[in-house]
Amino acid sequence: MAVAACGGGSTGAQDGFRPVKQTDGTLTVWVDSSRLAAAKLYQKEHPSVKMDIVSYDGDANGSNYLRTKVSLFDRTRHGWPDVVFSSQNNETSWAVQAGFTAPLNKGMIPKSTLANWAKGANDPCTVDGTLYCLRNDLAQTVLWYNASLMKKWGYRVPTTWEQYEALGRKVAREHPGYLVGSAGDAFAPEIYLWAGKCGANHITGPKAVTVDATGPNCTRMAALLDTLVKNKTLSLSSVFSSDFDKNAADRILLMPGPSWYGGSLFHGSFKTPAHQIGVAPMPQWSGDARPSVGNVGGGTWLMSAHSAHLKAATAFLTWVTTSNDYQGKVAPGYPAYAPAAKTWLAHQASSGYYAGDITRPLQTAANQVWPGWGYGQFSQEAIWAATVTPGLTAGKSVRSMLPSWEDAIVNYARSDGYKVTR
């Protein structure tokens, strides 16, 4: 794929960005364990490129490792990687201000290439119209379901949240012990409240956020969660826990969750037999004409503004986010780059694992992630885990904890220097 010239003497200032002197040398790429295969495949396909591939935690669970190391490199004036992958979607919230990331849509990567990312996919990477990173994969939410059990019990896949709640009540009566979802992970609000258009986390600027966790969109989803937690069709165990794997994995009827649940959980951790798991669109509230889904994860690639190898770095960055060889055929998650996503979906569909069509629900949801929930520097998952999860374990209702959740978001945001509107 064509890459705009940006190395050697051809590199000039773009939108205030002045590259360092460009030289030939080793391209340093930081990746997490899941993206190690991408860097190795690139090296195999491009043997003339000298590469130093460094494995790190990918800032998993908001570790802030990258930010800490960049701060050190800024003090010592050396050590920055040329390209880095982060499992977090909020790195630009600090990296732009720190001067770590290079602008990508000011002559680095052609607009024709950038136009092929899914709608809104690169929003977390964009600050005041300038693109500072590229989204690797999406984690749009859909409704996973056990097609075999649904057919056996004569149930219809719900299309509305009202139907979803009603089915949860019915399952509790007719098949106690079976589940229609899980609220036991710190990313539960990203599945349910984000999809339900709860305005608890609306990032309105680089350092501005509007927080409303007690509005009607929040309270009605909280009430739904409370109903299903109470009748035990919504698990309070993490889907990654040994408890869930042992006691609940084979009792899933429905499971709202991100696109990576199919390969990571059902096919991977749970070892659910083939031809059982299907995918449907995320339920919507009756009367809502604009479908919305949440997002749980994904990741971003950043290119260092300190790189002396911008031409090589741009070539790698373009390949790793758009190549069918990696994104379409090897990547574990749904590619943010739409043409590669088509290849990825075809590969998943041809595996023979899933029941029914998985392409249309996942493809449609990729363009329905609600934009009213942003990617702040503070971690919503950490806030939920600290303020709501303990209460749920103690028997408190989600609805009763919405005010304290809102207060916690406000406090975390202000501690990170955000102007908060309530």
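As the structure is a prediction and not an experimental result, all values here were calculated from the model.
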With a 6.0 Å cut-off (strictly less than), is the heavy-atom count around [atom1] of [X], excluding the residue itself, greater than 12?
| X | atom1 | answer |
| --- | --- | --- |
| Asp24 | CG | no |
| Lys342 | NZ | no |
| Glu45 | CD | yes |
| Arg251 | CZ | yes |

Between atom [atom1] of [X] and atom [atom2] of [Y], what is the distance when rounded to the nearest 0.5 Å?
| X | Y | atom1 | atom2 | answer |
| --- | --- | --- | --- | --- |
| Asn295 | Gln368 | CG | CD | 13.0 Å |
| Arg414 | Ile409 | CZ | CD1 | 12.5 Å |
| Arg35 | Trp301 | CZ | CH2 | 7.5 Å |
| Leu66 | Leu302 | CG | CG | 7.0 Å |
| Ser237 | Asp185 | OG | CG | 9.0 Å |
| Leu234 | Glu165 | CG | CD | 11.0 Å |

Could you tell me whether a side-chain N or O of [X] sits under 3.5 Å from a main-chain N or O of [Y], the two making a donor and an acceptor?
| X | Y | value |
| --- | --- | --- |
| Asp137 | Pro335 | no |
| Glu406 | Ala213 | yes |
| His78 | Phe73 | no |
| Arg135 | Ala121 | yes |
| Asp212 | Gly215 | yes |
| His309 | Asp82 | no |
| Thr130 | Asn105 | no |
| Gln327 | Val320 | yes |
| Lys232 | Leu179 | no |
| Asn146 | Ile277 | no |

Practice problem: List the steps and the verdict of side-chain contact (heavy atoms from CB on, under 4.5 Å) for Leu134 and Leu114. | Solution: CA-CA 9 Å; Leu134 291 176; Leu114 296 176; 3.7 Å; yes
Check ion pair [X]-[Y] (N to O, under 4.0 angstrom):
| X | Y | answer |
| --- | --- | --- |
| Asp288 | Lys197 | yes |
| Glu91 | Arg67 | no |
| Asp407 | Arg422 | yes |

Can you classify the ring geometry of [X] versus [Y] as parallel (below 30°), tilted (30 to 60°) or perpendicular (above 60°)?
| X | Y | result |
| --- | --- | --- |
| Tyr375 | Trp194 | perpendicular |
| Phe266 | Phe270 | perpendicular |
| Trp285 | Trp161 | tilted |

Could you tell me if the side chain of [Y] sits less than 4.5 Å from the side chain of [X], heavy atoms only?
| X | Y | value |
| --- | --- | --- |
| Asn201 | Phe378 | yes |
| Leu254 | Trp144 | no |
| His46 | Trp319 | yes |
| Leu143 | Pro283 | yes |
| Phe85 | Asn136 | yes |
| Trp405 | Leu193 | yes |

Does the side chain of [X] come under 3.5 Å of the side chain of [Y] through a donor N or O and an acceptor N or O?
| X | Y | answer |
| --- | --- | --- |
| Thr126 | Asn122 | no |
| Trp260 | Ser264 | no |
| Gln140 | Ser259 | yes |
| Asn89 | Thr300 | no |
| Asp243 | Ser241 | no |
| Thr343 | Asn324 | yes |

Set out, in order, the CA-CA distance, both residues' side-chain angles and the distance that settles side-chain contact (heavy atoms from CB on, under 4.5 Å) for Leu310 and Ser307, then state yes or no. CA-CA 6 Å; Leu310 287 174; Ser307 175; 3.8 Å; yes
Distance-minimising heavy-atom pair for [X] and [Y]:
| X | Y | answer |
| --- | --- | --- |
| Trp373 | Gln380 | CZ2-CG, 4.1 Å |
| Phe17 | Ala102 | CZ-CB, 3.9 Å |
| Gly168 | Leu228 | CA-CD2, 3.9 Å |
| Tyr334 | Gln363 | OH-CA, 3.4 Å |
| Leu392 | Val398 | CD2-CG2, 3.6 Å |
| Tyr261 | Ile191 | OH-CD1, 3.9 Å |

From the options Trp117, Trp344, Tyr326, select the one residue that forms a ring-ring contact (aromatic ring centres under 6.0 Å, His included) with Tyr337.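 Among Trp117, Trp344, Tyr326, the one meeting ring-ring contact (aromatic ring centres under 6.0 Å, His included) with Tyr337 is Trp117.
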